[in-house]
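See structure below.
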Amino acid sequence: KYIFNNISKFPLIVKFIEFSLIIPSTSVECERVFSQVKIIKNRLRNKLSIPKLNNLILVKTSSYNISTFPFDEAVEIFLNIKERRKRNNN
């Protein structure tokens, strides 16, 4: 408490504490992501572009609850993107 009340006196200690708070205590989350990547990018799909791979990993690792996913909104967004591409190509 004393250190945080006197931040200007101990900037390096405060930085160290902040940094130590963001370091994960285990590597479980990282290992889960690598396992998901291994499932997504297999020998049959080894030519995925980096942006597509990033998007697939994001979808796979973020745990959306299907019952609450806004499918109608997602379809609208997809259709709007498709329409914009058509307009830009003409």
Count I, L, V, M, F, W, Y as connected when their side-chain heavy atoms are under 4.5 Å apart, and connections chain through other members. Are F10 and F16 then in the same cluster?
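No; F16 is not reachable from F10 via cluster members.
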Are I13 and L21 linked, directly or through other ILVMFWY residues, by side chains that come within less than 4.5 angstrom of each other?
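Linked, I13 and L21 end up in one cluster.
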May I ask you to check whether over 12 heavy atoms, not counting those of D72, lie within 6.0 Å of atom CG?
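Count not over threshold, so no.
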Count the heavy atoms belonging to other residues, nucleotides or ligands that lie under 6.0 Å from CZ of F19, then report whether that count exceeds 12.
no
The criterion is side chain to side chain contact (heavy atoms under 4.5 Å, CB included); which residues satisfy it with [X], sequence neighbours excluded?
X: V75; answer: L79
X: E76; answer: none
X: K38; answer: none
X: L56; answer: I40, L48, K52

Residues sharing I50's hydrophobic cluster, by side-chain heavy-atom contacts under 4.5 Å among ILVMFWY, directly or via others?
none
Just wondering, do L53 and K41 contact through their side chains at under 4.5 Å, heavy atoms?
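Counting from C-beta outward, K41 and L53 do come under 4.5 Å.
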So, using side chain to side chain donor-acceptor pair (under 3.5 Å) as the criterion, who are the partners of E31 when residues are at least two apart?
S27
